[in-house]
Colleague: 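Shown below is the structure under consideration.
Reminder, nothing fancy here: chain letters follow the sequence lines and each chain counts from 1.
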2 protein chains.
Amino acid sequence: MAERISDAEHAVMEVLWDESPLTAQDVAERIPDTRDWSANTVKTLLGRLLAKSIIAHEAEGRRYLYRPLVKREDYVAGESRKLMDRLFGGRLSPLVAHLADRDALTAQDIAEIEALLKELKA
Amino acid sequence: MAERISDAEHAVMEVLWDESPLTAQDVAERIPDTRDWSANTVKTLLGRLLAKSIIAHEAEGRRYLYRPLVKREDYVAGESRKLMDRLFGGRLSPLVAHLADRDALTAQDIAEIEALLKELKA
DNA sequence: CCGTAATGACTACGGATGTAATCGTATCGT
DNA sequence: ACGATACGATTACATCCGTAGTCATTACGG
């Protein structure tokens with residue numbers, strides 16, 4: 001189950017998380033243009049994701065409709081945690097400190113995070 | 001310059017960031033036991049990091065002392081930003097929301113982050 | 001019915017990665 | 001001086017990844 005999603009595969013997943021089920025062609029069309037992929041490339045990636053049981057497909061006539069089996073939520077949670085563990089000893093505050101330091105924060109971000117924390121304390 | 005550091009290479013870097021310069025053998029000894037690597041494996045990784053100019057070596061007698069050329073700070077910043085961009089549209093607050101939600105932050109974590117934000121607003 | 005296009009399956013292939021063995025040489029102990 | 005040893009350099013090799021081409025089959029237009 002805990003199969004790894006590669007970078008290219010992730011691009012496919014983002015499409016399917018955004019909308020599903022989709023045919024292979026639909027997926028290919030929705031891949032951001034910055035990735036200049038042939039339709040075949042997308043099909044290969046769908047095949048690999050299938051093999052890893054990260055997505056599933058059901059026949060629709062002579063082709064397939066693809067849908068995610070893994071929730072974006074869970075993927076994102078896993079990746080975030082891995083980063084936090086690997087680079088920040090599993091603690092969130094150093095991560096925040098780090099990014100905050102590098103001026104990744106707007107005033108709105110700050111307000112949002114503060115609200116969040118207030119919520120947590122309550 | 002912007003050469004990628006693989007996962008195995010990262011383990012080597014952590015050792016060198018913690019203490020340097022070190023000989024290949026010193027590095028091998030300091031690799032966490034969970035990675036059950038032969039000394040040769042470590043040397044291969046040092047060689048690859050050298051090739052990518054992520055570390056440097058200077059002769060010490062008939063062997064080398066290795067030291068990082070890239071600061072951990074910078075590496076960590078890059079990785080954090082990549083994650084944030086890839087999964088959270090480049091915004092920090094959803095990341096915090098996510099991790100906060102999934103895992104109890106200690107009161108201390110909360111306090112630390114709040115202090116940080118207060119600092120930023122000032 | 002027949003050629004053509006669409007579609008999934010299979011195959012390809014260079015580069016990165018994880019993990020090491022082997023080789024050549026310099027050194028150290030005796 | 002000689003054999004054992006310690007090192008770096010070179011080579012190995014299976015797997016994964018990015019990117020795609022080719023093949024077989026089926027449906028569709030004419």
Colleague: Got more than 12 heavy atoms from elsewhere within 6.0 Å of CD, B:E58?
Modeller: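 Above 12, so yes.
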
Colleague: Nearest to the B:A24 side chain among D:dT19, C:dT17, D:dG8, which nucleotide is it?
Modeller: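 So the nucleotide nearest the side chain must be D:dG8.
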
Colleague: What nucleic acid atoms does B:A39 come within less than 4.0 Å of, heavy atoms only: base, sugar-phosphate, or nothing?
Modeller: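 No contact.
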
Colleague: Taking only the side-chain nitrogens and oxygens of B:Q25, find out if one of them lies under 4.0 Å from OP1 or OP2 of D:dA6.
Modeller: no

Colleague: Quick check for you: among C:dT17, D:dA20, D:dG18, whose closest atom lies nearest to any side-chain atom of A:T44?
Modeller: D:dA20

Colleague: Would you mind reading off the distance between A:L49 atom CG and C:dG8 atom C1', rounded to a whole angstrom?
Modeller: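 These atoms are roughly 15 Å apart.
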
Colleague: Rounded off to whole Å, could you give me the CZ-to-P distance for the B:R4 and D:dC16 pair?
Modeller: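 Result: 17 Å.
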
Colleague: Whole angstroms only, please: what is the CG-C1' distance between B:L45 and D:dG8?
Modeller: 15 Å

Colleague: Report yes if a donor N or O on one partner sits less than 3.5 Å from an acceptor N or O on the other, where the partners are the side chain of A:R48 and the base of D:dT19; otherwise report no.
Modeller: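 Indeed there is one.
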
Colleague: Report the nucleotide, chosen from C:dA20, D:dC17, C:dT7, that has the shortest atom-to-atom distance to any side-chain atom of B:W37.
Modeller: C:dA20

Colleague: Counting heavy atoms not belonging to A:E29, are there more than 12 under 6.0 Å from its CD?
Modeller: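 Enclosed.
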
Colleague: Of A:T41 and B:Y64, whose nearest nucleotide on DNA chain D comes first from the 5' end?
Modeller: B:Y64

Colleague: Please pick, from D:dT19, C:dT19, D:dC7, the nucleotide with the shortest atom-to-atom distance to any side-chain atom of B:R62.
Modeller: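 Nucleotide nearest to B:R62's side chain: D:dC7.
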
Colleague: Nearest heavy-atom pair of A:D85 and A:G90: which atoms, and what distance?
Modeller: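 Shortest heavy-atom separation between A:D85 and A:G90 comes out as OD1-CA, 3.2 Å.
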
Colleague: Would a 4.5 Å heavy-atom cut-off, applied to side chains only, mark A:V12 and A:Y66 as touching?
Modeller: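 No - every pair of side-chain heavy atoms lies 4.5 Å or more apart.
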
Colleague: Do B:R4 and B:E9 sit within salt-bridge range, that is, some charged N less than 4.0 Å from a carboxylate O?
Modeller: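 Between B:E9 and B:R4 there is no salt bridge, as every charged N stays at least 4.0 Å from the carboxylate O atoms.
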
Colleague: Rounding to a whole Å, what distance do you find between B:L50:CG and D:dG8:C1'?
Modeller: 11 Å

Colleague: In whole angstrom, give the distance that lies between atom CD of A:E60 and atom C1' of C:dT7.
Modeller: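 Those two atoms, CD and C1', are 12 Å apart.
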
Colleague: Measure from the side-chain heavy atoms of A:Y66 and tell me the nearest of D:dC7, D:dG18, C:dG8.
Modeller: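 Nearest listed nucleotide: C:dG8.
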
Colleague: Would you indicate which nucleotide in D:dC7, C:dT19, D:dC17 comes nearest to any side-chain atom of B:K43?
Modeller: D:dC7

Colleague: Suppose we call a contact any N or O donor and acceptor under 3.5 Å apart; does that hold for the side chain of B:R35 and the base of C:dG18?
Modeller: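 No, the side chain and the base share no sub-3.5 Å donor-acceptor pair.
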
Colleague: Between A:R86 and B:E14, is the closest basic N to carboxylate O distance under 4.0 Å?
Modeller: no

Colleague: B:D7 CG to C:dA16 P: how many Å, rounded?
Modeller: 17 Å

Colleague: Just checking B:T23: base, sugar-phosphate only, or nothing, at a heavy-atom cut-off of under 4.0 Å?
Modeller: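 Nothing, no heavy atom under 4.0 Å.
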
Colleague: Rounded to whole angstroms, how far apart are CD on A:E9 and P on D:dA20?
Modeller: 15 Å

Colleague: Quick check on D:dC7: is either OP1 or OP2 less than 4.0 Å from any side-chain nitrogen or oxygen of B:R63?
Modeller: yes

Colleague: Please give, in whole Å, the distance from D:dG8 P to B:L22 CG?
Modeller: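 The distance from CG of B:L22 to P of D:dG8 comes to 12 Å, rounded to the nearest Å.
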
Colleague: A:N40 side chain: which of D:dT22, D:dT26, D:dG18 is closest?
Modeller: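 The answer is D:dT22.
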
